[in-house]
Amino acid sequence: MTPKEMDSWAYIRVPGIGILPGLACPHYDVTGSNGVLRSADFTDLLRRHSGEYAVGIDNWAAVIIDGDQFSVVSRKGKPGSVDENENFTANHTLGHPGVWKLEVNTSTGDLQRTLEHVQ
């Protein structure tokens with residue numbers, strides 16, 4: 001790919017490995033190579049596929065799946081999208097890592113973002 005092609009891309013919906021239904025965005029809290037915050041770019045994709053559920057996983061966070069249970073882990077002292085009040089912040093240098101459950105309200109188009117707590 002040329003440098004111009006590396007800077008000009010958009011998210012697309014592709015099939016995963018089939019472990020979980022829905023969409024996932026790793027590195028949710030950082031800026032992509034296209035210069036756009038991944039959380040903003042991913043929200044646009046989710047709006048194009050409203051009615052689907054998604055997770056946004058910050059750069060220093062992970063989801064551990066064990067059967068029908070899951071837990072969230074993150075690295076202490078690393079940046080992320082969870083501010084001190086456990087709200088989303090687009091400035092990841094102000095927060096700590098986390099995992100967000102995401103859904104677009106099909107009536108309003110508003111993003112609903114729920115923090116999944118670290119176990």
Side-chain angles (χ1 to χ4, degrees):
M1 293 182 91
T2 68
K4 184 176 181 179
E5 289 170 325
M6 291 290 291
D7 291 341
S8 179
W9 58 270
Y11 283 96
I12 59 171
R13 188 181 191 287
V14 297
I17 58 175
I19 294 174
L20 298 172
L23 305 171
C25 179
H27 314 290
Y28 184 69
D29 60 321
V30 298
T31 300
S33 62
N34 63 351
V36 178
L37 187 63
R38 290 179 72 117
S39 61
D41 239 357
F42 191 67
T43 297
D44 290 342
L45 172 80
L46 193 54
R47 284 191 174 112
R48 292 192 308 271
H49 296 279
S50 64
E52 292 213 52
Y53 294 96
V55 292
I57 305 166
D58 282 352
N59 196 41
W60 292 100
V63 177
I64 300 171
I65 300 168
D66 184 12
D68 62 353
Q69 302 291 313
F70 75 93
S71 59
V72 173
V73 295
S74 68
R75 292 280 308 265
K76 291 189 186 313
K78 295 294 184 180
S81 66
V82 184
D83 73 10
E84 62 187 23
N85 298 313
E86 296 196 341
N87 295 313
F88 175 80
T89 177
N91 184 345
H92 77 277
T93 63
L94 300 177
H96 62 274
V99 173
W100 300 93
K101 182 171 65 173
L102 309 165
E103 177 181 9
V104 170
N105 181 313
T106 55
S107 299
T108 64
D110 292 336
L111 178 67
Q112 298 171 337
R113 189 183 276 124
T114 306
L115 179 64
E116 294 294 336
H117 291 280
V118 173
Q119 308 280 317

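The chain is numbered in sequence order, starting from 1.
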Exercise for the section: Determine whether H92 and L37 make a side-chain contact, defined as any pair of heavy atoms from C-beta on separated by less than 4.5 Å. Expected result: no
Practice task
Return yes if some donor-acceptor pair links the side-chain N/O of D58 with the main-chain N/O of G98 below 3.5 Å, else return no.
Solution key: yes
Fill in the blank from the handout: Taking every heavy atom of V55 against every heavy atom of F42, the minimum-distance pair comes out as O-CE2, 4.1 Å
Exercise for the section: Find out whether L102 and L111 are in side-chain contact, i.e. whether some heavy atom of one side chain is under 4.5 Å from a heavy atom of the other. Expected result: yes
Exercise for the section: Please report the shortest heavy-atom distance between H117 and V72, naming the atom on each side. Expected result: O-CB, 3.8 Å
Handout entry: Derivation and outcome, side-chain contact (heavy atoms from CB on, under 4.5 Å), residues T114 and E103
Key = CA-CA 9 Å; T114 306; E103 177 181 9; over 6 Å; no
Handout entry: Atom CG of D66 with >12 non-hydrogen neighbours under 6.0 angstrom
Key = no
Problem - Value rounded to 0.5 Å, distance of CG in D41 from OG1 in T31 - result: 10.0 Å
Problem - Sidechain-backbone polar pair: N34 side chain, V36 backbone, donor-acceptor under 3.5 Å - result: yes
Completion exercise
Value for OG (S81) from CD1 (I57), rounded to nearest 0.5 Å, stands at 11.0 Å
Practice task
Report whether L23 and L115 are members of the same hydrophobic cluster (ILVMFWY, side-chain heavy atoms less than 4.5 Å apart, transitive linking).
Solution key: yes
Practice task
Kindly indicate whether the side chain of Y28, heavy atoms from C-beta on, has any atom under 4.5 Å from the side chain of S39.
Solution key: yes
Problem - Distance-minimising heavy-atom pair for A61 and V99 - result: CB-CG2, 4.0 Å
Practice task
Write down the atom of N105, the atom of S107, and the distance for their closest heavy-atom approach.
Solution key: OD1-N, 2.7 Å
Practice task
For W100 and V82, work out which heavy atoms get closest and say how close.
Solution key: CZ2-CG2, 3.7 Å
Handout entry: I65 with Y53, same ILVMFWY side-chain cluster at under 4.5 Å
Key = no
Handout entry: T43 OG1 to R48 CZ distance, which is reported to the nearest 0.5 Å
Key = 11.0 Å
Fill in the blank from the handout: Note: R38 and H27 closest approach over all heavy atoms is CD-O, 3.1 Å
Completion exercise
CD1 (I64) and CZ (F70) are apart, to the nearest 0.5 Å, by 11.5 Å
Practice task
Measure the CD-CG distance between Q112 and L46 for me, rounded to the nearest 0.5 Å.
Solution key: 10.5 Å
